[in-house]
Amino acid sequence: MSTVNTEKLSSARFAEATDAFVEVYTASVDFDQRMAQQDIEGSLAHARMLQSIGILTEQELKDIQSGLAQIAEEIEQGKFQWSIQQEDVHMNIEARLTDLIGIAGKKLHTGRSRNDQVATDIRLYLRKEIDLILQQLQRLQTALLDLAEREADTIMPGFTHLQVAQPVTFGHHLMAWFEMLSRDRERLLDCVKRINIMPLGAAALAGTSYPIDRQMTAELLGFSRPSNNSLDSVSDRDFAIEFAACGSLIMMHLSRFSEELVLWASAQFDFIEMPDAFCTGSSIMPQKKNPDVPELVRGKSGRVSGHLISLLMLMKSQPLAYNKDNQEDKEPLFDTADTLLNSLRAFADMMPNIQSKKENMYQAAKKGFATATDLADYLVRKGIPFRDAHEVVGLAVRLGIESSRDLSEISLNELQQFSQQIEADVFDILSLEGSVAARKHIGGTAPDTVRKAVQTARKQMQLG
Ligand code: ARG
């Protein structure tokens, strides 16, 4: 929490002090202090640039550097006195710098404004957060590849409409998850390209009359280049919206995975055993083992989509250039980053410890006439038009339902009453193993194809 400081920000123009409530209402320091490290980084680069063009002396630069180093330490150790009266992270740090080093501290803000400063800080902050998010994403992807390889031969029902459709391998199902995350990763990497452009130098909105070297500051801060237009630089938060959109998609995917895990862990499906460490019991029902982690991830996906909408709404009516509205971008952004990081981490930790219940999966696949399409394809190969084959199989399925048997359990004689084209070799394709093994084209569910897909994915991940 912040304390109240007696020195007020930029007060010379004002005859009256700020209303005490307004001071609190307009302050952002309680949350934007999270960007303190980036603010200091930005100031160090700005100061070096100012010195290089002769606006700061070498001594002033040194003073600023040592002052900022001390401030960084104070913040790290929790000793820094944050003040509501200094409004935000930027003013707090600058005021402390002036306390520490005097006049050189007051020169730091030459040729910049909080408007380009804050835009720079957010970009630096997001860049760092995305790095961490990508690391967790990669951990999760690697865990999925390991599990997919382990489960390449495990047969389970594939569903459409949540009805048993056709048999698939569990490895194939997991590789579907992997693919979703691969696109999420690409999206984040693409988003970083637009985040990594430097607004610093746009100053308040119109640039500055000092001969600043923006190329130099961009290089010092690791930005790919300075931004092209000063008005745009201080005003648009589209990069933040884009990040929230990437985040919403990731959370939407994790939420879908969660939903499946929750279903599979239920007594009705009983396809997997969730690791105890990721579940909790019930305070009243002693038998319960609740899949809390996936449930919570599913729940948290809502707030990230909410942040995306908040940011879109925040932006949509703002005239150029900077408006105070933009101060509202921080909390949704911080929470998006936190939620993503924690949810991905929870998933990456949990995934290697999920145990499949192979026999249950197999029996479930057997139950829903999952090889009916294989029988139709078999008849087509024997020269029957697909629509007629569809009809024949429909009759066979009806017999199966009436006599509580899977297609593979109906005798050849009985099957032949529906079509004379059916011969003894039909049983090869009516088995679940035969059905999945036959789907060996690129993107198919055959165990060997899944193993190949895992290998290809591993290579792609190594290439980055
Ligand atoms: N705390 C402000 C924000 O988050 C910093 C920029 C304020 N600029 C200004 N001219 N009031 O956007």
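Just so it is clear, the model here is predicted, and its values are computed rather than measured. One-based numbering, in listed order, for ligands and for the atoms of each.
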| Atom CG of L200 and atom OG of S233: how far apart are they, to the nearest 0.5 Å? |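 Here the rounded value is 10.0 Å.
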Give the residue and atom name of whichever protein heavy atom lies nearest to [atom], and the separation in Å to one decimal.
atom: atom 2 (C) of ligand 1; result: Q327 OE1, 3.3 Å
atom: atom 11 (N) of ligand 1; result: R114 NH2, 3.5 Å
atom: atom 6 (C) of ligand 1; result: Y322 OH, 3.4 Å

* So, are E149 and R451 salt-bridged, with charged N and O less than 4.0 Å apart? ->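 Salt bridge: no.
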Which ligand 1 atoms, with their elements, are less than 4.0 angstrom from a heavy-atom of [X]?
X: N115; result: 6 (C), 7 (C), 8 (N), 9 (C), 10 (N)
X: D88; result: 1 (N), 2 (C), 5 (C)
X: S28; result: 1 (N)

| said: Tell me which pairs pass side-chain hydrogen bond (donor to acceptor under 3.5 Å, both in side chains) where either residue lies in residues 157-166, with sequence neighbours left out. | reply: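 Every side-chain hydrogen bond (donor to acceptor under 3.5 Å, both in side chains) pair that includes a residue of residues 157-166, provided the two are not neighbours, is Q166-T373.
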Centre-to-centre under 6.0 Å for F334 and Y125, is that the case here?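 Under 6.0 Å, so yes.
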Report task. Check whether any side-chain heavy atom of M156 sits under 4.5 Å from a side-chain heavy atom of Y362, and report yes or no. Result ->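 The answer is no; the side chains never approach within 4.5 Å.
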Notebook entry, point to check: Can you pull the salt bridge (charged side-chain N to carboxylate O under 4.0 Å, His left out) pairs that have at least one residue in residues 238-256, sequence neighbours excluded?
Noted result: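 For residues 238-256: R194-E242.
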Item to complete: Check each heavy atom of K330 against ligand 1 and say whether those closer than 4.0 Å belong to the side chain, the backbone, both or neither.
Response: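 It is the side chain that touches ligand 1; the backbone stays farther off.
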